[in-house]
Amino acid sequence: MKTSRFHLSTLKETPADAEIISHQLMLRAGLIRRLASGLYTWLPMGLRVLRKVESIIREEMNNAGALELLMPAVQPAELWQESGRWEQYGPELLRLKDRHQREYCVGPTHEEVITDMFRREVKSYKQLPINFYQIQTKFRDEIRPRFGIMRAREFLMKDAYSFHTNQDSLQQTYDQMFETYSKIFDRFGLKYRPVNADSGAIGGSASNEFHVLADSGEDAIAFSDQSDYAANIEMAEAICNQQRNEPGQELKTVDTPDQRTIDQIADFLSIPVVKTIKTLIACGEDNQLVALVLRGDHELNAIKAEKLPGIASPFQMADPEEIKKQLGCDIGSIGPVGLTIPTFVDRSAASINDLVCGANENDKHYTGVNWGRDLPEPDSVDIRNVVDGDPSPDGEGTLSIVRGIEVGHIFQLGDKYSSALNATVLDENGKSAVTKMGCYGIGVSRVVAAAIEQSHDDSGIIWPMSLAPFHLAIVPINYHKSELVKQAADDFYAQCQQQGIEVLLDDRPLRPGAMFSDMELIGIPHRIVFSERGLKAQQCEYKGRCDEKSQDIDIDNLPEFIQAKLSS
RNA sequence: CGGGGUGUAGCGCAGCCUGGUAGCGCAACUGCUUUGGGAGCAGUGGGUCGGGGGUUCGAAUCCCUCCUCCCCGACCA
């Protein structure tokens with residue numbers, strides 16, 4: 001491709017409304033343009049990248065025996081009413097009516113459509129297991145679309161659905177998809193981690209998310225340094241191996257005027273934060289209050305807390321007014337000593353001796369508090385987020401926390417949709433059996449943004465070879481003035497094309513600096529420069545996107561050199 | 001949804017407070033010069049000043065209203 005015949009549309013300045021780096025660079029490099037909130041046009045340059053992501057996914061899904069199909073983006077309301085999700089789904093579901101006043105939605109996902117297709121098409125256990133997938137545009141009417149492609153309303157997704165007669169078969173396909181996803185992400189050339197995830201509202205048992213690692217990621221992931229354990233931070237079990245020491249201090253009440261936060265208290269009393277505990281008050285069932293006790297430096301995990309008996313669902317912190325009314329003091333001075341409401345104590349909080357806590361009286365705290373002596377031995381539970389350095393729940397190694405962007409999710413749906421839509425097959429005994437389903441998604445467009453978040457520098461995007469829109473940039477200096485340069489550039493370009501190299505020749509009549517900047521912004525991994533000066537010495541110049549310096553290459557060696565670079 | 005901000009040429013912004021009919025840089029177009037890290041000079045084109053309503057002789061500017069986009073907010077103990 002020559003730039004003169006391509007729509008190269010770079011911006012020197014960063015559009016003001018782009019917040020995160022991938023959004024900025026995608027706009028600047030001319031990959032996408034915004035049409036409306038959460039809606040983007042993929043320009044030719046961006047589409048090349050998107051197609052690469054797609055084709056890697058397609059190849060590996062095909063290798064795994066999955067069958068591609070394509071379902072409508074617009075779906076009839078009847079199907080959603082049948083599954084019950086027409087009611088369940090909130091305003092994220094974009095609903096619309098046709099000219100006959102029939103109701104439809106723009107699909108945010110395709111479980112209903114695939115299950116409907118399946119029940120019409122597949123009749124016998126002999127046809128199972130089977131795994132269908134599509135790469136289709138989805139729409140979710142997000143409250144607050146932001147971060148460009150990262151959280152757009154319309155996005156491209158690969159979604160696959162497998163059908164089975166039994167759990168073993170489902171598990172087998174699930175494991176196979178796990179493998180396939182690992183291959184796909186390996187081929188993307190991105191740093192990623194599969195993590196155990198909460199299957200949440202979707203239901204089902206096993207669930208793994210695939211995260212592309214990036215400092216700007218929205219999700220925190222805990223992973224072990226010695227095993228392949230990795231989990232969403234909300235899901236990781238917080239282990240406490242620490243044994244509690246014997247009481248060493250007497251219980252005392254101290255005045256702590258205006259000391260409310262844990263940091264203030266620790267500072268005021270000159271004690272480490274890990275010797276403090278905090279007592280959070282949550283809403284329980286029947287307007288009760290429930291106390292949750294954590295070590296001062298730990299964070300409550302609301303998902304874990306919600307599962308405790310007697311806690312109101314959805315989880316909610318109690319109203320400060322109500323707390324004051326019932327407990328007689330303000331938040332900030334609450335402690336478990338003498339507390340009469342149901343109390344849950346986190347494992348780590350339960351393992352401290354001689355601790356400091358609120359005295360249930362404003363501006364007073366207890367010091368030297370000991371479990372089993374000053375208050376009952378607690379039933380300890382896991383209600384906190386894991387932190388860096390915690391022991392790994394699988395007993396191997398310690399946890400580190402990194403940030404990631406969720407781009408893939410696989411889970412077992414079980415019979416949620418197949419029973420709602422009556423997707424059955426005849427089994428070996430000629431009896432009708434409800435199928436079990438698995439569901440496997442990859443955010444295709446999000447992969448593009450995630451790749452940029454993970455890999456960029458001040459000059460622009462740094463693509464892995466597998467996703468780069470072009471592999472090689474040819475930058476001739478004075479292409480339009482020097483016949484020598486034009487000849488050399490055109491010859492080499494033709495040669496590359498013959499060999500099927502994805503090459504972009506910059507034949508615009510620009511100054512070199514402008515061309516260099518554009519090629520770097522776009523993130524083309526390899527660059528060859530032809531100049532009259534070099535050619536007269538039988539040389540040209542090579543620079544990799546991440547190389548500090550360029551190197552001179554003999555023209556005669558150029559083809560082999562480039563071959564080697566591109567295949568490495 | 002609540003709070004804050006914003007909207008002026010393709011992009012980035014000034015002008016608004018203190019009303020007098022719109023400007024700068026980049027980009028685009030033409031010409032000449034220039035050609036190893038986003039060139040110089042000269043010239044040209046491009047605006048319903050987010051929409052609607054109002055005040056006024058006169059509104060980008062003041063008032064009302066609707067809309068857009070962006071940011072913050074669901075972990076304080």
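So that the names make sense, note that chain A is the first sequence line, chain B the second, and so on, each numbered from 1.
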Who pairs with B/A74 - Watson-Crick or G-U, where each distance is under 3.5 Å:
none

Ring centroid separation A/Tyr542 to A/Phe561 under 6.0 Å:
yes

Could you tell me the Watson-Crick or G-U partner of B/C57, where both distances fall under 3.5 Å? Say none if there is no partner.
B/G20

What's the gap between B/C70 and B/C24 when it is taken at their P atoms, as a whole Å value?
30 Å

B/C69 and B/U6, which share atom name C1', separated by this distance in whole Å:
7 Å

In whole angstrom, what separates A/Leu484's CG from B/U35's P?
17 Å

Once you apply a heavy-atom cut-off of 4.0 Å, does A/Ile262 come out as touching a base, just sugar-phosphate, or nothing?
sugar-phosphate

Touch class at under 4.0 angstrom, heavy-atom based, for A/Thr261 against every strand present
sugar-phosphate

Can you tell me the Watson-Crick or wobble partner of B/G47, both distances under 3.5 angstrom?
none

Looking across every strand, which nucleic acid part, if any, lies under 4.0 Å from A/Met515 by heavy atom: base, sugar-phosphate, or nothing?
nothing

By the 4.0 Å heavy-atom rule, please label A/Asn301 as base, sugar-phosphate, or nothing.
nothing

Evaluate the side chain to side chain contact (heavy atoms under 4.5 Å, CB included) criterion for residues A/Phe492 and A/Leu505: first the C-alpha distance (whole Å), next the side-chain angles of each, then the deciding distance (0.1 Å), finally the verdict.
CA-CA 10 Å; A/Phe492 182 55; A/Leu505 168 63; over 6 Å; no

Report which part of the nucleic acid A/Arg533 touches: base, sugar-phosphate, or nothing (heavy-atom distance under 4.0 Å, all strands).
base

Taking B/G12, B/C71, B/A77 as options, the one with an atom nearest any side-chain atom of A/Pro15 is B/G12

Looking only at side-chain N and O atoms, does A/Arg511 come under 4.0 Å of OP1 or OP2 in B/A39?
yes

Have a look at A/Asn478 and say if it touches a base, only the backbone sugar-phosphate, or nothing, with a 4.0 Å heavy-atom cut-off.
base

Consider the side chain of A/Lys481, meaning its heavy atoms from C-beta on, and name the nucleotide among B/C11, B/A77, B/U35 that approaches it most closely.
B/U35

Remember a base hit wins even if backbone is also touched, and classify A/Ile477 as base, sugar-phosphate or nothing at under 4.0 Å, heavy atoms.
base

Using Watson-Crick or G-U wobble geometry with both distances below 3.5 Å, tell me the partner of B/U6, or none.
none

Looking only at the aromatic ring of each residue, does the gap between the centers of A/Tyr40 and A/His23 stay below 6.0 angstrom?
yes

Is the distance from the ring center of A/Phe470 to that of A/Phe6 below 6.0 Å?
yes

Would you say the base of B/G38 and the side-chain of A/Arg508 have a donor-acceptor pair closer than 3.5 Å?
no

Any strand, both distances under 3.5 Å, Watson-Crick or G-U wobble: B/C41 pairs with B/G31

Is the phosphate of B/C69, meaning OP1 or OP2, less than 4.0 Å from a side-chain N or O of A/Ser37?
yes

For the side chain of A/Glu299, starting at C-beta, report the closest nucleotide among B/G38, B/C75, B/A77.
B/C75

Taking the minimum atom-to-atom distance to the side chain of A/Lys12, which one of B/G38, B/G36, B/C69 wins?
B/G38

Need one value for A/Val529: base, sugar-phosphate or nothing, where a base atom within 4.0 Å counts as base even if backbone is also close, heavy atoms only.
base

Quick one: label A/Glu520 by what it contacts on the DNA or RNA (base, sugar-phosphate, nothing), any heavy atom closer than 4.0 Å.
base

Hey, does A/Asp330 reach any base, or is it just sugar-phosphate, or nothing, if we go heavy atoms under 4.0 Å?
nothing

Looking only at the side chain of A/Arg28 (C-beta and beyond, no hydrogens), which of the listed nucleotides B/C71, B/C11, B/G38 gets closest?
B/G38

Checking B/C72, B/C13, B/A77 against the side chain of A/Arg146 (C-beta onward), the nearest is B/C72

